[in-house]
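Quick notes on the structure that follows.
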Amino acid sequence: MFADKMILRIPGPTPIPARVQSAMNQPMIGHRSGKFSALFARTAERLKPYFGTKQDVYILAGSGTSALEMGVVNTLQPGDEAAILVSGAFGERFAKICERYGVIAHRLEVPWGEAITPELVEAFLQKKPQVKAVFATYCETSTGVENPIADLAKAIRTHSDALFIVDAVSNLGAVPCEMDAWGVDIVVTGSQKAFMLPTGLAFLAASERAWQVIEQNKSLAFYLDLKAYRKSLAEQTTPYTPAVSLIFGLAEVLDMLEEEGLPAIVKRHELMRDMTRAAMKALNIKLMAEDKYASTTVTSCDPAGVFHAEALRKMLTQQFNITIAGGQQHLKGKIFRIGHMGYCEPLDVLQVISAIEMSLHQIGAPVELGAGVKAAQEVLIAHV
């Protein structure tokens with residue numbers, strides 16, 4: 001075994017392509033230089049198709065959570081009411097951010113593993129007419145559920161004047177996102193998932209409708225003041241020190257994404273999802289999300305008492321240097337999650353499925369060696 005050959009199959013951070021690593025190793029340049037300004041402005045422009053917007057995309061040095069907080073603090077004031085659609089750990093994070101800023105957070109919660117439906121949102125908003133913003137998670141990483149954002153946006157537009165703000169941290173760049181066409185007001189994401197970069201960049205786009213609110217809002221933020229980012233981007237720069245090396249890497253990532261093309265990227269991720277789910281079903285491992293709402297980028301699996309999720313994860317690491325994710329909060333130690341996004345392709349999925357089968361055998365779990373691989377191969381062959 002090569003000790004340095006760590007295989008990450010978690011829902012972020014994800015593996016980084018060698019050419020992106022090389023790009024990030026370029027000599028440092030001045031972050032206020034004309035060379036960097038031209039690179040930064042062009043890179044921000046190239047992000048627009050992945051958001052599905054004609055609006056500017058803002059890049060800040062920070063994790064995805066910084067962009068979530070930016071979405072809250074620039075649109076709401078203490079005492080305002082917001083609806084938080086909670087289907088897992090990251091929906092709850094939106095609620096906590098709101099409450100930190102004195103916003104009244106009304107939670108619409110569903111059991112972990114279920115999706116938020118338009119019908120639930122319609123009924124909830126009719127009871128909460130004072131809501132000024134609705135927050136949702138596109139892919140709930142903790143459960144492997146992909147919420148139907150287009151349908152939710154339509155329901156919100158029909159029954160409320162509230163802004164619709166979406167956390168797309170764990171799937172943007174791997175799934176369709178038509179922010180403008182769907183009527184989503186703010187979309188945020190981060191660099192360490194489908195964008196194949198280290199943690200450290202966050203991206204946000206806002207609609208004209210959102211900007212009407214933001215311009216009238218007295219932001220409580222300093223570093224996260226979106227108006228400052230808008231002013232600076234017009235001047236091809238950032239209000240505060242940017243992560244120059246990560247911008248080098250982002251430009252290279254966008255080269256890779258444009259070479260593959262967004263339709264092919266989406267198809268590849270859907271294929272890896274379908275392969276993974278077919279394999280788990282063949283191995284009689286319970287899936288948390290139903291097929292209709294299954295995440296394109298992460299699959300959550302529940303051993304349901306048949307074997308211990310942590311024993312499987314430990315064996316994968318010890319024997320194969322493969323890392324998969326565990327559960328979060330009340331699911332910690334109970335489930336495991338397989339990431340399949342970014343710098344990942346179908347053969348990588350076959351690798352991790354094969355390793356899971358062998359690890360299950362080694363920990364004494366009931367498993368038919370080859371059953372999961374065969375099921376995944378059949379899905380792949382049907383798409384070749």
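Starting from 1, each residue takes its place in the sequence as its number. Predicted, not measured: the structure shown is a model, and the values here were computed from it.
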> In terms of ring plane angle, is the pair Tyr58 and Trp211 parallel, tilted or perpendicular, where the classes change at 30° and 60°?
Replying inline: perpendicular
> Given the rule in the salt bridge (Lys or Arg N to Asp or Glu O under 4.0 Å) test, do Arg268 and Glu260 qualify, once you have shown the distances and angles that lead to the verdict?
Replying inline: CA-CA 10 Å; Arg268 170 168 56 87; Glu260 185 175 5; 2.8 Å; yes
What side-chain donor-acceptor pairs closer than 3.5 Å can you find for residues 176-190, not counting sequence neighbours?
{"unit_1": "Asp180", "atom_1": "OD1", "unit_2": "Thr53", "atom_2": "OG1", "d": "2.8"}
{"unit_1": "Asp180", "atom_1": "OD2", "unit_2": "Thr53", "atom_2": "OG1", "d": "3.3"}
{"unit_1": "Asp180", "atom_1": "OD2", "unit_2": "Lys54", "atom_2": "N", "d": "2.8"}
{"unit_1": "Asp185", "atom_1": "OD1", "unit_2": "Arg157", "atom_2": "NH2", "d": "3.2"}
{"unit_1": "Asp185", "atom_1": "OD1", "unit_2": "Ser207", "atom_2": "OG", "d": "2.9"}
{"unit_1": "Asp185", "atom_1": "OD1", "unit_2": "Arg209", "atom_2": "NH1", "d": "3.4"}
{"unit_1": "Asp185", "atom_1": "OD2", "unit_2": "Arg157", "atom_2": "NH2", "d": "2.3"}
{"unit_1": "Asp185", "atom_1": "OD2", "unit_2": "Phe164", "atom_2": "N", "d": "2.8"}
{"unit_1": "Asp185", "atom_1": "OD2", "unit_2": "Arg209", "atom_2": "NH1", "d": "2.9"}
{"unit_1": "Thr189", "atom_1": "OG1", "unit_2": "Ala168", "atom_2": "O", "d": "3.0"}
{"unit_1": "Thr189", "atom_1": "OG1", "unit_2": "Val169", "atom_2": "O", "d": "3.3"}

>> Does this structure show an ion pair linking Glu215 with Arg230, if we count only N-O contacts that are shorter than 4.0 Å?
In response: yes
>> Can you see whether Asn217 engages Thr75 through a side-chain donor-acceptor pair at a distance of less than 3.5 angstrom?
In response: no
> For Gln377, what residues pass the side chain to side chain donor-acceptor pair (under 3.5 Å) criterion, not counting sequence neighbours?
Replying inline: none
>> Please verify the inter-ring angle class for Phe222 with Tyr240; under 30° counts as parallel, over 60° as perpendicular, anything in between as tilted.
In response: tilted
> Looking only at heavy atoms, which two atoms of Arg313 and Ala325 are closest? And how far apart?
Replying inline: NE-C, 3.4 Å
>> Is it true that, when you exclude His361 itself, more than 12 heavy atoms of the residues, nucleotides or ligands shown sit nearer than 6.0 Å to its NE2?
In response: no
Scan the side chains in residues 272-282 for donor-acceptor partners under 3.5 Å anywhere in the protein, sequence neighbours excluded, and list what turns up.
{"unit_1": "Thr276", "atom_1": "OG1", "unit_2": "Met272", "atom_2": "O", "d": "2.8"}
{"unit_1": "Arg277", "atom_1": "NE", "unit_2": "Asp291", "atom_2": "OD1", "d": "3.2"}
{"unit_1": "Arg277", "atom_1": "NH1", "unit_2": "Ala289", "atom_2": "O", "d": "3.4"}
{"unit_1": "Arg277", "atom_1": "NH2", "unit_2": "Ala289", "atom_2": "O", "d": "2.7"}
{"unit_1": "Arg277", "atom_1": "NH2", "unit_2": "Asp291", "atom_2": "OD1", "d": "2.7"}
{"unit_1": "Lys281", "atom_1": "NZ", "unit_2": "Asp291", "atom_2": "OD1", "d": "3.1"}
{"unit_1": "Lys281", "atom_1": "NZ", "unit_2": "Asp291", "atom_2": "OD2", "d": "2.9"}

> Any luck finding a side-chain donor-acceptor pair between Gln26 and Ser245 under 3.5 Å?
Replying inline: no
>> Using side-chain heavy atoms (C-beta onward) and a distance below 4.5 Å, is Leu316 in contact with Thr323?
In response: no
>> Show the nearest heavy-atom pair for residues Leu39 and Ala251, with the distance to one decimal.
In response: CD1-CB, 3.9 Å
